[in-house]
Each structure stands twice: as structure tokens, then as C-alpha cells.
4 protein chains.
Amino acid sequence: MSETMKAVVKVKEGKGAELKEVPIPTIKDNEVLVKVKATSICGTDVHIYTWDKWSASRIGKKNLPQTLGHEVAGEVVKVGKAVKRIKPGDYISAETHIFTFKDLTAQVGQLNLGDHMEILGVDRDGSFAEYIAIPENVCWKNEKSVPPEIASIQEPLGNAVYAVLGEDHDVTGKTVVLLGDGPIGLFATAFSKTAGFAKIFLVGLNDFSLQLGKKLGADYILKADEDIDRVKFVKDRTYGAGADIVVEMAGAPQAIKEGLQMVRKGGRFSAFGILKEGKIEIDYNDNFVFKGIQVHSISGRKIFDTWYRVRNLLSTGKLNIKPVITHLFKLEDFEKGFNEMLAFPRKCGKVVLFPDEKELEKAEKRMKN
Amino acid sequence: MSETMKAVVKVKEGKGAELKEVPIPTIKDNEVLVKVKATSICGTDVHIYTWDKWSASRIGKKNLPQTLGHEVAGEVVKVGKAVKRIKPGDYISAETHIFTFKDLTAQVGQLNLGDHMEILGVDRDGSFAEYIAIPENVCWKNEKSVPPEIASIQEPLGNAVYAVLGEDHDVTGKTVVLLGDGPIGLFATAFSKTAGFAKIFLVGLNDFSLQLGKKLGADYILKADEDIDRVKFVKDRTYGAGADIVVEMAGAPQAIKEGLQMVRKGGRFSAFGILKEGKIEIDYNDNFVFKGIQVHSISGRKIFDTWYRVRNLLSTGKLNIKPVITHLFKLEDFEKGFNEMLAFPRKCGKVVLFPDEKELEKAEKRMKN
Amino acid sequence: MSETMKAVVKVKEGKGAELKEVPIPTIKDNEVLVKVKATSICGTDVHIYTWDKWSASRIGKKNLPQTLGHEVAGEVVKVGKAVKRIKPGDYISAETHIFTFKDLTAQVGQLNLGDHMEILGVDRDGSFAEYIAIPENVCWKNEKSVPPEIASIQEPLGNAVYAVLGEDHDVTGKTVVLLGDGPIGLFATAFSKTAGFAKIFLVGLNDFSLQLGKKLGADYILKADEDIDRVKFVKDRTYGAGADIVVEMAGAPQAIKEGLQMVRKGGRFSAFGILKEGKIEIDYNDNFVFKGIQVHSISGRKIFDTWYRVRNLLSTGKLNIKPVITHLFKLEDFEKGFNEMLAFPRKCGKVVLFPDEKELEKAEKRMKN
Amino acid sequence: MSETMKAVVKVKEGKGAELKEVPIPTIKDNEVLVKVKATSICGTDVHIYTWDKWSASRIGKKNLPQTLGHEVAGEVVKVGKAVKRIKPGDYISAETHIFTFKDLTAQVGQLNLGDHMEILGVDRDGSFAEYIAIPENVCWKNEKSVPPEIASIQEPLGNAVYAVLGEDHDVTGKTVVLLGDGPIGLFATAFSKTAGFAKIFLVGLNDFSLQLGKKLGADYILKADEDIDRVKFVKDRTYGAGADIVVEMAGAPQAIKEGLQMVRKGGRFSAFGILKEGKIEIDYNDNFVFKGIQVHSISGRKIFDTWYRVRNLLSTGKLNIKPVITHLFKLEDFEKGFNEMLAFPRKCGKVVLFPDEKELEKAEKRMKN
């Protein structure tokens, strides 16, 4: 094993990132070293890449340089002294929320939340590299039958699964509106199909994504920028009551406002999307109190309840999210990936990077089948 | 039985109501006629009495005249032909939300919500009268051991109980912030004490009410108009995390904003209070998404799950809300009652009216014990 | 409308039933009269037909003669005076459990349970007839797009749906063992497929049914009378832990015993099947306490939460249970139907009867498509 | 720190244990060393002390000698290299179930269950000693205001709390039957009072305990060996329906059988007690299926949800279980403690041992107040 590796590093403030030769991470007693097989680009990476307001304040100058990325699949090559559950040779992915039992939230079972939590690729070096150090407690063992490009996107898929299931998992036979046609929205569409919703409405801006959503299981696709009454459209197909569940994944004021009108009295609204503006005016009386709805705010995934379901569904083929993966690049071509993600109208689903070209070739072959 | 009765009637638009001699209601096949023993004044009655924006649009000129009131305890004196469960002589109270299985919400078990629902005292004649007609399906049999002035306030007490329990009932051993020191806030305080919260924070504006709240079980009382950091106060006493549960019953923008900051990550916020303004700006990212909280919107009470608990707790003496009842009047003195409710600073808890002076005398005696 | 009709009547104790010409039912104020389009045979009907121990004690001589049947789809032709929600011309099915708010269970939202409940076709005349009288409160409006033979079997399908979903609905991405390959077991298989289970194990006795189960979505089929270690088989495919959920629909001691071993620690066991013996010895320490499992006992369906889901899934084609319907007969041929149900090995799924031959013809055509 | 300490050790098979001078435990990287301030005797310790069938097979000869005990409060004096959350000087208690994320149960959030779990004082040396080594992940920080004899019994108190709350926490305003008047039954009584049950029925065998239960909050006490109809007694006080919740903590066939009859249709039965016989015949049709009940099997406590509630309630004084502690001894007098626990009729609640006589003296003083 050489002592350096290539990595996509945020070197300085402002837009962009650089491919650098950096030391292979050393691991602490409770960490494992993972050889990255595939690592996919998340919206968070795009935020950091473009160095928007959020990333400037969340990460800041003093933490740079830092390696990007957190969606990953790879093989464990080394484990720290205190590591017990994970062994060299294990094929793993990583939960991004590095939980600690210092947090009251973790103590009461909400491992995905906490004030003392570190985030992979945000608070510490990430996965856009040949190797990454990962604390054992967030390692998740993959099924060997699931290829790296799929195993890598389990993390964002888990967001979608948690957002759709909410805190009560009560979905089968119900109706759902999915707001947002980015990768999470598409994952949510595929998962909603698997979960047995009776009617799936997908709302988005990109024809490419909406058509993909249609293939993945959306019963109705609606353009968010067309001059039609989307609320009425949904109510007309749900006994006039509105949808049982609305999942907001666009982080757009219009989506939130329409979504709160689309959900039926007594229904559930999942709040997952991040608003650029941060704040929004809510029709509190009419949309909350009088409607008797529940709002489930979704941060991360259930650790590891969501991972368990996702692994089960992927390894048995009951959930097929392969069509969402539209672009594969070698790590060096990361800028091509970011450009795809930043294009408008967007013509990509999920973009996956491969530090090892042989892994890329294998993935390309699988994609063709 | 004479053919007319006295009733407090909203005769015309604008502030006020009149004591009138009106016909005793005739009942439909599915209704019962109840001789009113006690009937208490709700905030909704105050809205209609003052004829504010909400009541002007909700009730409107065309439905006047209409008898006010919906919190009631009385004796059934007559039943319609189709009535099966209720018999003359039964001592009952009434659920205000007259549910119908036409509504999808009712079909799936949310009887408290629905588009086709009638509200007692809002959509039809109410209980500020000697007699009231009530559909059988919303009659609730009281325990004879519970006196009329207590039985009458089970309905608003039920609001408080549902708001505190939320949809998950998960309260014992947790911490709670109660925002609002009106009657519902005081009921919530007494109930939170019974439910075994470890710490109860009550926030309000009225010294009289807050002191009463202290007696009812609040561990900490906080003035909403004092220049202290209430959010910090709560966090300092909840491991820095914030309260497990926050219940908003003030319907005030400040309460909602502070409440969303007081609730811990992964906690629950009950939205019960009605905002005068209707709308409010929410810090969506920081208070919803990143915090992973749940919002439970509370409309009415669980039918009849809440009633069952309330009856159990009142009849066994496990919940004592008698101190919240501060004023008893004969029906003719209804204006005194409304004046108490409208005073600021408020010096009343719950005001109960009695169409029959003998019932008033008995209640006054019980209050002295 | 003539004044008499044909009906399959249990005339006297002992095996059998008779086709009789009887008066068309008169309806009470709260009832509707339904012209039966399709009515299917339930296991309960078989019990009454064979007059086993249960039916002899549950129904008894004094309630005879009584018309059999309770799974039904038909058109409302007349409504009682107090009926409000249902209208002539409505195409309905019926919930068999005629709930009343007299019961505490109904009051707290468990409409499917109660001491004062009447059962259609058990406590009062049933649906194996040209007409049936049904109380309005248990009428369920069907979608016109769902044909009578499918609409008729929503009631037992609802059993299967409730048994699989349990009280917590938490199923998608989990593993399930379905014990029993009768119609309910087959419905449960099809529904489990729709609900997105990762692995579905179906255990039964009949090759015909198990092969049908395979087509409906079972990932593994297991013969209950083969000399293999079924518990090990399940554990070997569920990380050694056992299945997340086990649903017992066979009512067989072996199934219960194996099922309690197949469910993983912390898993859920749905108890639906009725034991011939009534009682069974349980390994209380090892299978209950130390395992930390939950048992959900399943009686009937959620009223109307289950119906709502079932209607949604059937009308959208998301759930296809048509293959379970294997035999269609005219009402007069009811004995052929009972014979199919009583054969061993059984070679039928669900048997549907048609009082009107034209409806039978239409159904036969649909079956061929 | 000397290199040896006194400890109560199970040296060989058969009844009894010995006070021995043994080496102070060495700790692994992920463990902490705790100086024991108080340690209480559990039923499990009694099983091991008397070397009954269960302990002979569960522990066996090959694991002896082993130090007894697992209910503990003490001060951390040393921490392993990998320990992060706990520091020397921390005042802690210990969760007995040493969970590992190797277990699927732990992965999906059920930390109290698992096939790879070690039990303190059963699978490794326990707390009847001056020092004990404890893995960091099961350390729970106590409030300094809670004295050691109370902090020590949080573990069994947690059993009672979990058994009463079940998986759904839905208790306030409901009715409960508590079967068993041992320490867990008494804890459950005190907790049920705090949790706001409307009616608490306590059934037991010992006058001493039942009278104590009465003081702790039982509304009704019933002798299990008296010739009265206990099922009827409960039904007569619960609208004829039976109790909402029944908690079995006696591990007695009669209790299980009566308990299943005492619970109302749709109610919940918590299975906590261990049967001497292991197996029991259940009236499966009548008590499970037709009744629609839920059984929640209770093993351990929710980690750390139960601990969080218990700490909150003890530190605020909202739960007072001090009266259950009836005997304090120095560690050397452990045999006196075991004799109290083994006496019949039993005249003790909880017995606490103190390795340090000064701690004993302080505790005795507190008990007198």
C-alpha cells in the first residue's frame, strides 16, 4: 500500500475543488480504513463545491482543506484496535451521521439526531478519495450481491425511504404526493411503488426526471411550473379529501405551500427539503390546527432500521433503483459530475464516481444489462 | 313541560347576545332532548359573542338567530325513534364535533375531523338554554358521581388532554412546556401533573392564572412578557437539549416561535392555539427539518378515547380540575360571565352557567368544600 | 319486486343447508335493502354448513332457520327512514361486524371488537340470497370499476390485510412468514407482495394452493407436512435471526408452535387462525418473555381503515387477487361450492355464488381475460 | 488502591455463595472500573444463589467462580483507552444487557434484545464487590441528588416501567391490573400511580407487600390465594369490559390465566414474569384471537429510553420508590439479604448491600427521614 492517494479536496473558499495527492488517512482505535469502490455525489457535495451560504457558515475556512463526499461503498482494509464488529475484507457502506451516546437523542433511540454528532464529508474528510477512515459504529455491512454503485447510494436512498415511511411506517394502500424530482424524489418514487401506495403523484420541474419517475412507478406526473391547479388535481383523485401523505423533497416555498394544501385532514406531511430562504410563512390555522395534520421532520435515516430495510429490498431485487443512476465517471472526472448536477434543466439522476478504473468498467458493463 | 324556554341567543351581527324566550327544540329521529344542568363558556362562545372576523365569516348573518354554547351536562328527557344507545334519565355530556361516516377521516378512525361535520353551538343551536337537542352519536354518558359543573367542562378538558397526549400518548417521565395560561392551559397543567411528567413549565401572561397553574402542578411558571430568555431557561433544566414536548395553547406568534426553539431535537410540538393572524413565518430549516421534530395538530378531542380517559380520571378523583372553575352564574347573568372572560388581566379560570337556580346553589355549595 | 326470493337457508341442526323460497327481508329505519350481485363462501359458512361444535354452540337450534353468508357485493334498492349516508343505486359491500357505540371498544376506536356486536350471517340472516337487509353503519361503498366477484371478497381480503399489517403497519422492507394456504393465506401472500416485503415465506399443505401462492408473490413455499426443518429454513434466510413478522392463518397447533420459533427476537406474531382445539400449550418463557415479541390478535378488519386501503388497492389494480377466485357458481349450486371447500387436498381458492345468472355470465367472461 | 477486594462469589455448584478476597478487575480499552457504592439483590441473584435449574443450565459449572450481582450504583475510578463518554468521577449505574450492534435487534433499535448480548453478573463478574468492570456503552450517568441505594435499583425499576408502559406508552387515564407483589410489582404500583392510571388493581400473595402496595398507590389489593372471583372483581369496576392493561410480573400460571381473562377486548397484556414451568396452556381462541388483544413481551428495559424517564422521575421526586427498600446490609452480610428474599411469607421489599460501611451508615440515616 503506497502512502499517498488521490482525493477530491476542497482546498479554499469559493467555487470548485481540486484533485490532489494526499496522505492515506491514519485510523484511530475505533475506526476502520476503507478502500473506496464507488462514491456518489450528493446535493450536500454540490453545496460545498459551489461554496454557498450554508457551506461557508457550516464548514468555513478554518476547516479547509477537506476531502468531499460521504456516499460510499468499499472494502475494509484495516481496522483499529478497539474495533470488534467489522473485519478486514468486509464490504461496507457508511451512515453519514456519526452518532454518539453523549446525545440525549441517541440515548432515547434517535441515533440520527444529536448536538454532538459529526457528519462525514462535512465535519471530517470524506469519500471522494481512494481511501477513507470511518468510525466502526457507522459501518454498515452490505450484501455482496449488491454492486458498489448501488451500495453507494443506499445513504440517500435511505433519506427517501425514511421520508416516505415517516415515523409511523403507515403507507400501504394509501395515497402519496412526492414533491421534488431530484434523486431523492426519484428514489422516493421507486420506493413508494415497492411499498404499495395506491396512488403516487410526482411533482417536479424537469421533464427528464419526471419521465424517469413515471417509469419508476409514479401514477401521475405534474409539472411544478405549469399553470394548472395541482391541489385540485390531487383532490379530484383522492375522494376530494387530499392525499394521505405528502413528502416535500424540493425545498421550495411553492412545494411546501401546495403540499400543505394537498394533504388531507388528519394526514401526514414529511418535511425533508431544505429551503434556500430558511424561513417560510405557513397558513398555521388552516393548514395545521384545523386540519389536524402531523408533520414529520426528516433528518438523515433511521440508524439502522432504514438501512436494514434498504439492504433487504436491494439484495432481493424488490426495489430497483438502478435507472436513477445516469452517470458513471472516474474520480478524476469529478468536475463532469458536478456539472451534470448543476445543469438546468437537469438531465441526470444520480452521478457515481470510481477511484479505480477497473471498478468503473465493471459498473459500466452492469449498467448496460 | 312548557313549550318555551329561556336561551342566550345571538340575534344579530355585532357584539352581544340576548336572553330570549324561545321554543323548546323539537328533536329528529336520531336526536335526544337534554335538560341542561350546567353549561360553561368556551373561547369560541366569546368569539361569537364579540362577533370577531372568524365568527362573522364562519357563522354569518344568515344563520342568525342562533343559541350559543356547546359545553354541557344535563339529563336526557326525550329520545328520537331511531335512538338506541341513550335513554331518558341518562346523565350526559356532548362531543361538539358531530361526526358523520360520510367523511373519509371518520371512516379511517379520525372522528374528530371531517368536511361534513356540524359543530354544536356553531352550526346549530347550542347549550346556553334550558334544553338542547343533541344527535345520539355524540352523546357521552357521565358518571353520576361527577357534578354538572365538572361534567360540563369535560369537552375543553378533552382538548387539553388530547393536546398533551398528542397522537402517541408518550408522556410519562418526560418534560413538557405548556404555552398559554387560559382555561385550556390550566387544564393541561393539571392533566400533565396526573400524567407523570417529570418537569412541567407553564408560560403565560396572567399572574392569577400562573399562580393557579402553580397549585395545579406546574414546576416552573414563566411570564411571557418578561424580559428573560425563556428558551434558555427551559434548556438549562433539560440537559441543554430542550423539552421533550411543547404544547402551544396560546395562539400567539411569540409562543409558537419560542415553543419551536424550546422543543428538543426529535421532540414533539402540539399545535392547538388559533392565531389571530392566521399565518406565521416559521424557521423551517432550523426548527423543522434539521431538528427532526414532529408537529401534531390538535383539533377537538379523540372520539371517544379522550372522553373515556377523562371520565375515568374525574370519577376516580385522579384528576382534580375543580380549582380551574372560578365563577358560577345563573344563565340570566351570562353577560357577567362574558365580561370575566374578556377582562385583562384576566382573573378567571372557567365560567359555568346554570339555567336552573337550584343547580347553581348545589354547585356553589360543592365549590365551598 | 316480487315478495319472495330464493335463499340458502340453514333449516335445522346437522350438516347441510337448503335452497328455499323465503320472504324478501323488510328493513328497519336504519337499514338498507341490497340486491345481491355476488356472495362468496367463507370458512365460517362451512362451519355452519357442517354444523360443527362451534356453530352448534354459537348459533344453536333456536336461531334456525337462518340464511347463510356474509361476504357480499350488491346494489342498494331501498333505504330506511333514518338512513342518511347510503342511497338507492349505491354499489356496496358490507362489514360483517355490526358495531355499536354501546361497546367500550367501539368508543375507544376499536370498532371491530365488542360484546354487543351482531355478526352478519351468524346472528342474523345473511347474503346467500337474492336480497339482504344491512344496517347502514356497516355499508361500504365500492368503486364501480371493481366487479362484484372481487368486491364480494373484500371482507376476507380485509382479514388478511389486517393480519399482515397488524396494529403497527410496519412491513415494507421486512421479512414475513405466512402460515396457512387457505384463501386468507393466499390473500395475505398477494397483499404482502404489494406491501413490499423483502422475503415472503408461505407454509401450507396443498400443492395447488402453494403453487398459486408462488404466482401471487411468495418467494419461498414450504410444505407443512414435509420432514424438513422449516424453522431453520427461515432462519437461514433471515440473518439467523428469524422473520420480522409471522402471520398465523392456519389455526393449527404445529403452525403456532413453529411460527413462534420462526419469529425473530423483538418481532411480531399475528394470531388470526382459530384452533379446532381452542387451547394450546405455549413455551411462555422462551417464545414470549425472553424473545421480547409482540402478539397482535386479529379479529375482523379495521373499520373502515382496512376497507379504505383495500378499495384503493383494488380499484387502482395495485393488488390483484383475481387468481384466488377459482370457482363461480349460481346460487342454486351452492352445494358444489361447499364440496370444493371441504375437499382434501383442497383444489380451490375462493368460491363465489351468484343469485342472478346474468351476473354469473359476466363474471365468467371477466375471469377468462 | 490495593490490588485485591472483597466480593460475593459463586464458587461452586449448589446452594450458596462465599465472601472472598479476589483481585480487583482489570479493564479493557472499552471498559470503566467502578467503585461500588450500593448494589441490590435481584431475583436473578437468588436463582444463582440457590443454583436452580435455570442457573445451572444458563451459567453452569465451567463459568464458576463468578461474582454475583448486577444492580449497582458507584463512582468511576478508571477508564479504558477507548472510553470517550464516561470520565473518572462520574456517578453511574449500569444497564445489565451489554448490547452489541452485531445483533439485528440492536441494529433496528431494540438494544435490550440480542443473541450476542452478555448479561452483567450472569455472563461475567458482577457487582457484589468493591469494584466492578463495566463496558462504557452500558454506563448510565446518575443525578448526584439521587442517593446510591435508589440509584442502584433503577435497573429493576426500569423493568417495571417498561412492563407498565409496554411498547406504546399509552397509559394515562386507563385501568391496569398488576399481577405480582414482589419488588417489581411494587415498583410497577408506584410507577402506575405516577403515570396517572385511573384504577390500579394489585394482586399478590403477601400481606406485607400488598399493604405496601396500597401505600404506593394501588386502588384495590387482591389476595391471589383467596377464594374470590378476581376476574369478576376487576370487570365489575371496569364497565364490565375488563382492564385496559394487565401486567404479569408473578410468573405464575394462575396469574397468567386470570390476567388473560381480566384484560378487556382490544386491551394489552404485558408478559414479564418467568414461569418456573416454562410452558403454559393458553386459551388461544377465547383469550387471544376473539379478544383482539395485544401481548407485549418484556425483556429488560428500553436502552436508554426507560433510564431517561426513570432518572427524570427520581431526580424530581415525581416517583417515590423509597418505601420499597426495606433492608440495608453491609456486603459481608449478604446471606441475611438472601434469607429475607427467600422467606415465605416474604416480609421484605428490596434489599441493598453496601461494600463500604460508611455508605451504609449514610443510607440508614436517609431511610429514617
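Per chain, numbering begins at 1; letters A, B, ... match sequence-line order.
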field: Positive for side-chain contact (heavy atoms from CB on, under 4.5 Å) with B/Lys265, one of A/Asn112, A/Asp103, A/Thr105
entry: A/Thr105
task: Tell me, out of A/Val108, A/Ile293, A/Asp168, who's got the most heavy-atom pairs with chain B below 4.5 Å.
output: A/Ile293
task: Could you check which of B/Gly240, B/Gly266, B/Ala241 has the highest count of heavy-atom pairs closer than 4.5 Å to chain A?
output: B/Gly266
Selection from A/Gly300, A/Ser299, A/Gly166, A/Gly292 maximising heavy-atom pairs under 4.5 Å formed with chain B: A/Gly292
message: Heavy-atom pairs under 4.5 Å with chain B - which of A/Lys291, A/Arg264, A/Arg268 has more of them than the others?
response: A/Arg264
query: How long is the span from the CD1 atom in A/Ile274 to the CG atom in B/Asn285, to the nearest 0.5 Å?
result: 5.0 Å
message: Taking every non-hydrogen pair under 4.5 Å, which of A/Ile256, A/Thr238, A/Asn287, A/Leu104 racks up the most with chain B?
response: A/Ile256
- line: Most contact-rich option vs chain B, by heavy-atom pairs under 4.5 angstrom, among A/Asp283, A/Asp115, A/Ile282, is A/Ile282
- request: Select, from B/Glu277, B/Glu248, B/His296, the one with the greatest count of heavy-atom pairs under 4.5 Å involving chain A.
  value: B/His296
field: Side chain, backbone, both or neither of B/Gln294 within contact of chain A (heavy atoms, under 4.5 Å)
entry: both
field: Pick from B/Asp286, B/Leu113, B/Ile280 with the largest number of heavy-atom pairs that fall under 4.5 Å of chain A
entry: B/Ile280
message: Among A/Tyr284, A/Phe290, A/Phe288, exactly one meets side-chain contact (heavy atoms from CB on, under 4.5 Å) together with B/Ser297. Which residue is that?
response: A/Phe288
